[in-house]
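Working notes for the structure below.
Proteins get letters first, then strands, A, B, ... in listed order; numbering begins at 1 in each. The structure displayed is predicted, hence computed values, not measured ones.
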2 protein chains.
Amino acid sequence: MATIEDVAKLAGLSRTTVSRVINDQPYVTEEKKQRILQAMDELGYVPNSSARRLRSQRTDTIAVLLPRITNPFFANLIESMEKKASQWGYQVIVCQTHDSEKKELDYLQLLKTKQVDGVVMTSLCNDWEVIEPYLESGPIVLCNEYMEEMAVPMVHMDHRKAAYESTIHLIDQGCKNISYVSGGSDTYLAEERKTGFLKALEERALPFLEAASVDWAIHVEDGRKVFNHIKDHHPIIDGVFTGSDEVAAGVVYEAVQAGWNVPDDLAVVGFDNQMLSLLMFPSVTTIDQPVAKMADRTIEVLVRQLMNPRANKARRYIYSHKLLVRNSTLKKQLVTNL
Amino acid sequence: MATIEDVAKLAGLSRTTVSRVINDQPYVTEEKKQRILQAMDELGYVPNSSARRLRSQRTDTIAVLLPRITNPFFANLIESMEKKASQWGYQVIVCQTHDSEKKELDYLQLLKTKQVDGVVMTSLCNDWEVIEPYLESGPIVLCNEYMEEMAVPMVHMDHRKAAYESTIHLIDQGCKNISYVSGGSDTYLAEERKTGFLKALEERALPFLEAASVDWAIHVEDGRKVFNHIKDHHPIIDGVFTGSDEVAAGVVYEAVQAGWNVPDDLAVVGFDNQMLSLLMFPSVTTIDQPVAKMADRTIEVLVRQLMNPRANKARRYIYSHKLLVRNSTLKKQLVTNL
DNA sequence: TCGCCACATCTTCAATGGTAGCCATTCATA
DNA sequence: TATGAATGGCTACCATTGAAGATGTGGCGA
């Protein structure tokens with residue numbers, strides 16, 4: 001493996017001059033530049049990334065923390081972030097926390113060990129008080145997940161409004177007994193959704209059926225269990241609010257298997273407009289988030305912070321949802337495909 | 001940010017002794033070790049990763065190259081690889097090539113810049129001749145994708161056999177005119193699938209309907225287009241072999257929308273046993289790969305190579321598939337759910 | 001014409017944070 | 001007596017770049 005020393009010797013110049021050519025810095029004549037480029041080519045020279053990072057104190061790398069890439073919402077979010085980061089000359093590394101407080105802190109350690117320049121957090125496992133000290137080692141931006149406190153930039157959708165609207169939709173479709181199905185996370189985002197849900201119930205003078213609600217549903221399989229739980233213990237339930245399309249898909253699938261009519265016996269709403277929600281039969285009513293826009297903004301905000309560390313502007317970037325009404329909630333009407 | 005120098009001073013020892021404690025090396029008394037650990041704690045010292053990598057010439061990091069994480073097959077593969085790599089003290093970085101030759105080479109550059117110790121390639125965009133020189137910079141293991149030439153370790157399923165069996169299944173279900181739907185990739189794996197498909201046709205004396213076959217189907221949307229193409233131009237087609245559940249889902253969805261009876265009018269097989277294939281109506285017959293096993297083996301093989309660079313053992317680890325028969329192919333029988 | 005200053009172009013030196021290798025001393029064992 | 005292990009320190013190095021220094025040239029003013 002050739003080093004910059006080898007290139008300098010072959011070109012008959014100093015290492016610093018070679019470095020200037022590599023980094024496109026001024027004060028090197030064109031003739032010497034060509035000599036250096038040729039020497040690099042002959043030797044197959046490639047800069048050593050560790051050396052550059054150590055000396056320059058920069059990695060040009062961003063870590064994105066998320067729960068699971070097997071959740072298509074996060075897979076799509078990463079997809080867009082990578083594209084945007086690459087445009088700014090940054091590399092993205094994907095860190096799956098699997099909703100573990102420990103893992104989240106392990107990954108935040110990347111800031112301390114100087115393996116990344118900044119971090120995007122798409123979920124929050126630890127309390128903010130635990131995370132905040134890491135800001136000393138580099139900037140953090142929240143995307144998707146958010147909190148009341150304005151400590152760092154946050155890019156997200158209004159989850160309260162989204163939950164409110166999809167619950168109103170369920171109620172408008174005639175649902176009177178609605179189950180609230182969540183993943184049990186006690187984050188602010190989860191609270192917001194529930195607040196929106198409860199607000200809709202309150203406005204329409206419907207009771208919150210806490211006993212029929214579930215706080216352990218994350219995967220499709222969980223959704224199937226949710227349905228069976230409702231069928232066996234709360235058969236009066238005629239509507240289900242879920243926090244993800246995966247769970248909604250599980251509920252719908254199991255209900256259909258059990259011979260229930262969806263949505264007449266049970267209406268279901270999901271979240272995130274995953275491909276699954278369209279392809280199911282019946283197709284699932286869901287909330288669409290502007291994933292690409294949020295991803296782009298997130299990277300932009302973080303990179304600006306890296307370029308200008310003094311401009312520590314903590315602010316919110318709030319995006320609107322879209323309710324996609326499909327067959328899992330449309331009752332007593334001619335079933336048409338949307 | 002404290003350095004090892006600061007810790008050494010506070011502990012009243014040399015940097016080397018501190019380093020020995022950090023790296024769990026011998027020849028440091030327990031008393032001195034405690035002094036060092038305490039000093040590290042007081043100073044909040046964290047080793048600088050770039051410095052360690054530069055000096056030790058190791059990153060303890062593995063790059064996994066894959067086409068898209070939005071494809072659940074690869075998302076699940078990564079999930080398992082990360083778990084396994086972590087057990088061996090390695091970090092995984094995810095590199096999406098999006099089937100681009102250029103991106104693939106860009107990521108292989110990580111070997112040359114010393115940003116990763118080894119690479120797992122789950123697909124092949126470039127010819128092997130282009131990739132082989134990178135072996136000088138670090139080991140490469142193929143997982144999922146494979147080639148005839150035994151140049152590096154390869155961990156994969158027998159795609160020929162899998163394609164053969166699912167095609168025979170289509171034929172056994174009465175299909176006489178089968179469309180071969182692929183993504184157009186000209187890799188060995190793609191060839192193997194086609195070979196298995198053609199072998200099944202040949203054994204059952206059925207013609208290969210090249211004009212009705214498609215080589216541009218990757219996403220769900222493509223699958224929908226495939227169906228419309230068949231409906232409009234090749235209505236005699238009564239069976240579709242696809243290389244992925246996403247494509248199969250698109251075909252099935254569009255066929256049902258068009259009022260076709262699946263599988264009586266058109267039987268469809270997918271690949272990879274994505275959740276989608278179970279939740280569709282009708283559920284999609286598919287091929288299941290032992291994803292976790294292949295992932296584990298891949299990491300193990302690569303890590304062993306990193307630990308013992310001389311043991312450059314290029315060999316194949318071949319895994320069997322499982323055909324999951326579901327409703328998209330079961331004809332003329334009582335429709336029961338599997 | 002000469003001296004001074006600014007700029008251009010390069011080189012030299014040192015720094016980044018950590019660790020690999022070698023050395024010195026002492027003690028125990030064959 | 002010779003050798004190896006234990007316990008630590010010192011030195012140099014890993015590959016690159018940031019900062020300072022050296023040198024030459026051109027322009028301007030006295």
Spacing between A:Tyr27 atom OH and C:dC10 atom P, to the nearest angstrom: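 Taking atom P of C:dC10 as the reference, OH of A:Tyr27 is at 12 Å.
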
What residue pairs, at least two apart or across chains, pass side chain to side chain donor-acceptor pair (under 3.5 Å) with a residue in residues 2-13 of chain A?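 Sorted result for residues 2-13 of chain A: A:Thr3-A:Asp6.
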
Quick one: side chain to side chain donor-acceptor pair (under 3.5 Å) pairs with a partner in residues 119-140 of chain A, sequence neighbours left out?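 Only A:Glu104-A:Asn126 qualify under side chain to side chain donor-acceptor pair (under 3.5 Å).
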
Set of side-chain hydrogen bond (donor to acceptor under 3.5 Å, both in side chains) partners for A:Asn48, sequence neighbours left out: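 None.
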
With B:Gln34, which residues qualify under side-chain hydrogen bond (donor to acceptor under 3.5 Å, both in side chains), at least two apart?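 For B:Gln34, the residues satisfying side-chain hydrogen bond (donor to acceptor under 3.5 Å, both in side chains) (neighbours in sequence not counted) are B:Glu30.
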
Expected list for residues 51-59 of chain B: side-chain donor-acceptor pairs under 3.5 angstrom, two or more places apart:
from, atom 1, to, atom 2, distance (Å)
B:Arg52, NH2, B:Asn23, OD1, 2.8
B:Arg53, NE, B:Ser49, OG, 3.3
B:Arg53, NH2, B:Thr61, OG1, 3.3
B:Ser56, OG, B:Arg52, O, 2.6
B:Ser56, OG, B:Arg58, N, 3.4
B:Gln57, OE1, B:Lys114, NZ, 2.9
B:Gln57, NE2, B:Leu54, O, 3.1
B:Arg58, NE, B:Asp60, OD1, 3.4
B:Arg58, NH2, B:Asp60, OD1, 3.1
B:Arg58, NH2, B:Asp60, OD2, 2.9
B:Thr59, OG1, B:Thr61, N, 3.2
B:Thr59, OG1, B:Asp117, N, 3.3
B:Thr59, OG1, B:Asp117, OD1, 2.9
B:Thr59, OG1, B:Asp117, OD2, 3.3

Go through the structure and list residues passing ring pair (Phe, Tyr, Trp, His ring centres under 6.0 Å) with B:Tyr188, not counting sequence neighbours.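 Listed in chain order: B:Tyr146.
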
Using five base pairs at each end, measure the axis-to-axis angle across the helix from C:dT1-D:dA30 to C:dA30-D:dT1 and round it to 10 degrees.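 Computed from the C1' atoms at both ends, the axes differ by 50°.
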
Heavy atoms within less than 4.0 Å of DNA chain C: which residues of residues 29-40 of chain A have one? Give them sorted by number.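 When residues 29-40 of chain A is checked for heavy atoms under 4.0 Å from DNA chain C, the hits, listed by number, are A:Thr29, A:Lys32.
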
Who pairs with B:Lys293 by salt bridge (Lys or Arg N to Asp or Glu O under 4.0 Å), at least two apart in sequence or on another chain?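 Partners of B:Lys293 by the salt bridge (Lys or Arg N to Asp or Glu O under 4.0 Å) criterion come out as none, since no residue qualifies.
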
Residues in salt bridge (Lys or Arg N to Asp or Glu O under 4.0 Å) with A:Glu300, at least two apart?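 Scan of A:Glu300 (salt bridge (Lys or Arg N to Asp or Glu O under 4.0 Å), adjacent residues dropped) gives A:Arg297, A:Arg304.
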
Salt-bridge test for B:Glu79 and B:Lys83: reply yes if a basic N is under 4.0 Å from a carboxylate O, no otherwise.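 Answer for the salt bridge query: no.
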
Quick one: which of B:Leu77, B:Ile78, B:Asn76 gives a side chain to side chain contact (heavy atoms under 4.5 Å, CB included) with B:Phe74?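 So the option named by the test is B:Leu77.
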
Least distance between heavy atoms, A:Cys95 atom then A:Leu110 atom: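 Smallest interatomic distance, heavy atoms only, reads SG-CD1, 4.0 Å.
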
Flag yes if more than 12 heavy atoms outside B:Glu149 fall under 6.0 Å of its CD atom; otherwise flag no.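 It does: B:Glu149 CD has more than 12 such atoms within range.
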
What string of B, S and - do you get for nucleotides 18-29 of chain C 5' to 3' if you count protein non-hydrogen atoms under 4.0 Å? BBBBB-------

How would you label the contact of A:Thr17 with the nucleic acid (heavy atoms, under 4.0 Å): base, sugar-phosphate, or nothing?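 Base: the residue A:Thr17, judged by heavy atoms under 4.0 Å, touches a nucleobase.
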
First and last nucleotide of DNA chain D in contact with chain B, 5' to 3', at under 4.0 Å to a heavy atom: what are they?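 The footprint of chain B covers D:dA6 to D:dA15.
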
Any donor-acceptor N or O pair under 3.5 Å, side chains B:Ser14, B:Thr17: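 On atom types as modelled, these side chains qualify, holding a pair under 3.5 Å.
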
